[in-house]
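Reviewing the structure listed below.
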Protein chains: 2
Amino acid sequence: MPPRICSVARTLEVVGERWSLLVLREVFLGVRRFDPIREATGAPRAVLAERLRDLVAAGVLDRREYREPGTRVRHEYHLTPAGRELQPVLTALMQWGDRHLAGPGQPPLELRHADCGGRVRTALVCEEGHTLPDTGTGLRPVPRAGDRDRATRDSAPAGGS
Amino acid sequence: MPPRICSVARTLEVVGERWSLLVLREVFLGVRRFDPIREATGAPRAVLAERLRDLVAAGVLDRREYREPGTRVRHEYHLTPAGRELQPVLTALMQWGDRHLAGPGQPPLELRHADCGGRVRTALVCEEGHTLPDTGTGLRPVPRAGDRDRATRDSAPAGGS
DNA sequence: CCATCTGGATTCGCTTTCCGAACCCAGATG
DNA sequence: CATCTGGGTTCGGAAAGCGAATCCAGATGG
């Protein structure tokens, strides 16, 4: 029986490697060049080079030439539109860490809404406008046609068809 | 200069290993036992055993004894309250995959609100009630006191203090 | 009583990935 | 022409991942 291929698995193929999400965190923060990213993340050079290549190949980062006056052409990494849509992933990770792995003192980074200054967080919302608790209580996963019926059942009766 | 330690990095220490999030996906779907998890994720036995131990040690999963009539005592893995709060992380990953890595046909799994039946997704919301686009446009990361000023600056003027 | 089955793992040997240190490259600077 | 700098590549050892084989203990059955 083949492993379940869902969108979580597919997304982790792109951003699930050891340093990928930390690299993206830096790019979201505006750190776009090799050495500063390396310092901020702690990733080894070779691994970082490979991750950047992978993320560019996956369409998450865009490698752009730039030239500061008095230097040769270099490259920096910008988020593509698809890359920017990973913001909720990073926000969700950060939020959980803030809540459950807080070090001494307050969290080191806050996200605020540029328009109103309010703190921003991820929330589970439904299309009718309801907001669910972060625990996912009241959330019902529905396997779609075509998927094996393995999901959502664990203590099914033995005599099932 | 030491790497930046933020809540994203800390959370990835817990759930950033290769199979961790897929294991949690299964537990969220109600698959709680070793072999079914192994089949659904494709993780090798030894790695799965280690991940389960790690997730229990991290307080994300709870290892519970159970005994079906006519068998010996066995264990299954349940989410702790902290583990359930990882739902937004999985939902955000799934949502990105649905949007950017869709296979042929519709996504294999849908999340619905048990109360109203509406599709559920993660959104970036601020405490004033505004909803931001998933790209994080309008989101301003604010480093807090104590953190190095490395963040959020990339093309700072060369002569800065 | 001994063999077999089953869920839940551990052990083993090999392969892949990760890692830090050293090195490379090319244009600016002195 | 030597040195500096940003942006990497190369290298050899360490760690993690992998599939296959094995183990364990309680039911089942001859």
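First the proteins, then the strands, lettered A, B, ... as listed; each starts at 1.
Of the residues in residues 47-61 of chain B, those with a non-hydrogen atom less than 4.0 angstrom from any atom of DNA chain C are B:A49, B:R53.
Of the listed nucleotides (D:dG8, C:dG8, D:dT10), D:dT10 has the atom at the smallest distance from the side chain of A:A46.
Heavy-atom distances to DNA chain C give each of B:Y77 and A:W19 a nearest nucleotide, and the one nearer the 5′ end belongs to B:Y77. Between A:Y66 and B:R67, the residue anchored closer to the 5' end of DNA chain D is A:Y66, taking for each the nucleotide with the nearest heavy atom.
In plain terms, the two heavy atoms of A:T135 and B:P81 that are nearest each other are CG2-O, 4.5 Å. In terms of heavy-atom proximity, A:R25 sits nearest to B:C6 at NH1-SG, 2.8 Å. Considering every non-hydrogen atom in both B:G42 and A:P3, the closest pair reads N-CB, 3.9 Å.
Pairing for C:dG30 is with D:dC1, a Watson-Crick or G-U wobble pair whose two hydrogen-bonding atom distances lie under 3.5 Å.
Rounded to an integer number of Å, the gap from CD of B:E76 to P of C:dT6 is 20 Å. Atom CZ of A:F34 is separated from atom P of D:dG6 by 13 Å (rounded to the nearest Å). For A:R45 and C:dC24, the CZ to P distance is 15 Å, given to the nearest whole Å. If you take CZ of B:R74 and P of D:dG26, they are 10 Å apart, rounded to a whole angstrom. Put simply, CD on B:E17 is 11 Å from C1' on D:dA15, counting in whole angstrom units. Distance A:R38 CZ to C:dG20 P: 10 Å, rounded to the nearest Å. A:H75 has its NE2 atom 12 Å from the P atom of D:dT9, to the nearest Å. Regarding B:L22, its CG atom lies at a distance of 13 Å from the P atom of D:dG17, rounded to whole Å.
Only one option out of A:R64, A:R33, A:R63 pairs with A:E76 in a side-chain hydrogen bond (donor to acceptor under 3.5 Å, both in side chains); it is A:R33.
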*asked:* Would B:V120 and B:R112 count as a side chain to side chain contact (heavy atoms under 4.5 Å, CB included) here? Give the steps.
replied: CA-CA 5 Å; B:V120 172; B:R112 291 192 169 272; 5.6 Å; no
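With hydrogens and angles left out, the side-chain atoms of B:E85 and A:H100 include a donor and acceptor closer than 3.5 Å.
Taking only distance into account, the side chain of B:R18 never meets the base of D:dG17 through a donor-acceptor pair shorter than 3.5 Å.
At least one side-chain heavy atom of B:R99 sits under 4.5 Å from a side-chain heavy atom of B:D134.
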